[in-house]
Amino acid sequence: MMNPADLTARLIRCPSVTPDAGAALELLRSVLEPAGFDCRRVDRNGVPNLYARWGARGARSFGFNGHVDVVPPGDPAGWTHPPFSGALADGMIWGRGATDMKSGVAAFVAAAVDFVTLTPPDGAVILTITGDEEGPSRDGTLAILDWMAQAGERMDVCIVGEPSNPEAMGEMIKIGRRGSLTAQITAIGRQGHAAYPHRALNPLHALVRLLGDLTARPLDEGTAHFDPSGLQVTTVDCGNPASNVIPERATATVNIRFNDAHTGDSLTAMLRERAAAVETETGVRIGVAVTVSGESFVTEPGPFVDLVASVVTEHTGRVPVLSTSGGTSDARFVKDHCPVVEFGLVGAYMHQVDERVPVEQVHQLKAIYHSILQRFFA
């Protein structure tokens, strides 16, 4: 039986700040290939990724997705144990990535290896593991899914092993995520002396008017599976050090986390429409550049969600909330390939100094994943 806590510690000892995750992926390959997994490196633009399949191509398949890249650890002197030590102390595994999410990857790798070894299924188990989740996320899971489409590989359903529980194991399954949009707004007027405003055109006044319009009323009241969408102004700047000069240019950044009442396109159209109205009113030119990092999605409750929830309840004694809260994850890409949910550990320490995870939780997560595989292929 594979020990997921030991594998977690070994993965932590592979420093893998995005996208330098090649050593961690090769460690996983060394574990998976002896168990009969066909492993392929699916690297793109210098980003390392790993695809592993046990079983026949085209067979009924269950997938897991995760990442082994991590955020920078900061000053190592601030850590109780060195950030890439994988130390086992006080019932915890310590190190960067312990929670987010080398433990989740170790748990589903260990569960998959034990499952196919002890009870070979009539079907396929597929693991997709990336080195580009904490970074730009353009050449990680997306690259694997692009390669799968070209190679004729497919998952029927997938669990992303991100830490999904707020405080205790079994509290929450993520069945969807809000979309995320960032808008860079640029207002261009005419520079002049503050004492002679009639000879200038103040872009800040127009920008403030637009931002006030955008924040004055809610985007929606929420939907069946989502809380209301939220718009936040995250920065305003004009780079003007002089108090008696009206600047020529002013910029602002707006971030919108949106539910399934909207799409990236519909929100982009709304932002540009309101910007155009303020431009007409003030004469200040206003440009809006938009980046959509993910659309909202939901995996509707049904047989797959019910299976995962029932197994979680059996192992933890808790009935998990089916949630769409939080930021974004690679589930936003997997949802275009197959039905997907997220279930993993408690996320209390992720990205923190002294990131750590209870050893007991890692073993419990492996057991949950193993039972899900058993139930799916029963």
Side-chain angles (χ1 to χ4, degrees), residues 1-9 62-66 88-94 97-116 118-119 121 125 127 157-177 224-227 298-327 329 331 339-350 352 355-378:
M1 303 289 283
M2 183 171 292
N3 185 329
D6 176 68
L7 183 55
T8 299
F62 193 100
F64 288 97
N65 172 267
L88 277 72
D90 304 317
M92 299 277 191
I93 310 168
W94 299 70
T99 304
D100 188 14
M101 59 165 290
K102 291 183 174 181
S103 51
V105 171
F108 69 61
V109 167
V113 167
D114 284 359
F115 177 65
V116 301
L118 299 173
T119 54
V125 178
L127 313 180
V157 294
C158 182
I159 290 179
V160 177
E162 288 279 357
S164 63
N165 294 288
E167 302 293 339
M169 287 290 287
E171 284 182 316
M172 186 175 290
I173 296 170
K174 299 289 181 71
I175 62 168
R177 291 279 191 160
H225 294 294
F226 289 89
D227 291 334
V298 64
T299 299
E300 293 288 345
F304 173 47
V305 174
D306 292 346
L307 184 156
V308 175
S310 65
V311 171
V312 168
T313 299
E314 288 173 8
H315 281 263
T316 68
R318 296 182 175 90
V319 177
V321 172
L322 304 181
S323 172
T324 58
S325 62
S329 77
V340 59
V341 300
E342 298 174 54
F343 183 77
L345 297 174
V346 175
Y349 299 111
M350 57 183 174
Q352 294 185 11
E355 184 175 351
R356 58 198 184 272
V357 64
V359 172
E360 180 184 9
Q361 276 188 19
V362 183
H363 284 282
Q364 185 178 32
L365 184 60
K366 176 199 170 181
I368 290 170
Y369 288 156
H370 191 273
S371 292
I372 289 171
L373 287 169
Q374 288 179 316
R375 185 79 63 83
F376 181 80
F377 288 106

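FYI, the numbering just counts along the sequence from 1.
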Can you find a pair of side-chain heavy atoms, one from Ile173 and one from Val305, that are under 4.5 Å apart?
-> no
Min side-chain heavy-atom separation Leu373-Phe64 under 4.5 Å = yes
Distance from Glu162 atom CD to Arg177 atom CZ, nearest 0.5 Å?
-> 6.5 Å
Apply the test side-chain contact (heavy atoms from CB on, under 4.5 Å) to residues Ile372 and Phe62: give CA-CA distance (whole Å), side-chain angles for both, the deciding distance (0.1 Å), then the verdict.
-> CA-CA 10 Å; Ile372 289 171; Phe62 193 100; 3.5 Å; yes
With side chains defined as the heavy atoms from C-beta onward, is the minimum distance between Met350 and Leu345 less than 4.5 Å?
-> no
Close side-chain approach of Leu365 and Phe343, heavy atoms under 4.5 Å = yes
With distance as the sole test, does Ser103 use its side chain to make a donor-acceptor pair with the main-chain N or O of Thr8 at under 3.5 Å?
-> no
Hey, does His225 have a side-chain heavy atom less than 4.5 Å from the side chain of Pro301?
-> yes
Calculate, to the nearest 0.5 Å, the distance between atoms CD and CE belonging to Gln361 and Met169 respectively.
-> 5.5 Å
Taking Lys174 for the side chain and Ser325 for the main chain, is one N or O donor matched with an acceptor at less than 3.5 Å?
-> yes
Would you check if Thr119 and Phe377 make a side-chain contact, meaning some heavy-atom pair closer than 4.5 Å?
-> no
With distance as the sole test, does Glu355 use its side chain to make a donor-acceptor pair with the main-chain N or O of Asp100 at under 3.5 Å?
-> yes
Any donor-acceptor pair under 3.5 Å linking the side chain of Thr99 with the backbone of Arg356?
-> yes
What do you reckon, is CD of Glu360 surrounded by more than 12 foreign heavy atoms closer than 6.0 Å?
-> no
Point-to-point distance, once rounded to the nearest 0.5 Å, from OG1 of Thr316 to CD1 of Ile368 = 6.0 Å
Residues Glu314, Arg375: salt bridge by 4.0 Å N-O rule | yes
Closest non-hydrogen atom pair between Leu127 and Ala112, with its separation = CD2-CB, 4.3 Å
Could you give the distance from CE (Met2) to CG (Asp114), rounded to the nearest 0.5 Å?
-> 6.5 Å
Shortest non-hydrogen contact between Met101 and Phe108, atoms and distance = CE-CE2, 4.3 Å
Separation between CD1 (Ile175) and CZ (Phe304), nearest 0.5 Å, reads 11.5 Å
Heavy-atom nearest pair, Pro339 first then Thr299, reads CB-CG2, 4.2 Å
So with a 6.0 Å cut-off around CG of Asp6, is the heavy-atom count from everything else above 12?
-> yes
Provide the closest heavy-atom pair for Ala107 versus Pro4 in the form atom of the first, atom of the second, distance.
-> CA-CB, 4.1 Å
Correct closest heavy-atom pair for Trp94 and Ala89 would be NE1-O, 2.9 Å
Just one of Thr313, Val341, Asn165 clears the side-chain contact (heavy atoms from CB on, under 4.5 Å) bar with Pro320, so which one?
-> Thr313
Spacing of CG belonging to Asn3 relative to NZ belonging to Lys366, to within rounding of 0.5 Å | 7.5 Å
Correct closest heavy-atom pair for Ala111 and Tyr369 would be CB-CB, 3.7 Å
Quick one: does Glu171's side chain have a donor or acceptor within less than 3.5 Å of a partner on Glu167's backbone?
-> yes
Side-chain donor-acceptor pair present, Glu342, Ser329, cut-off under 3.5 Å = yes
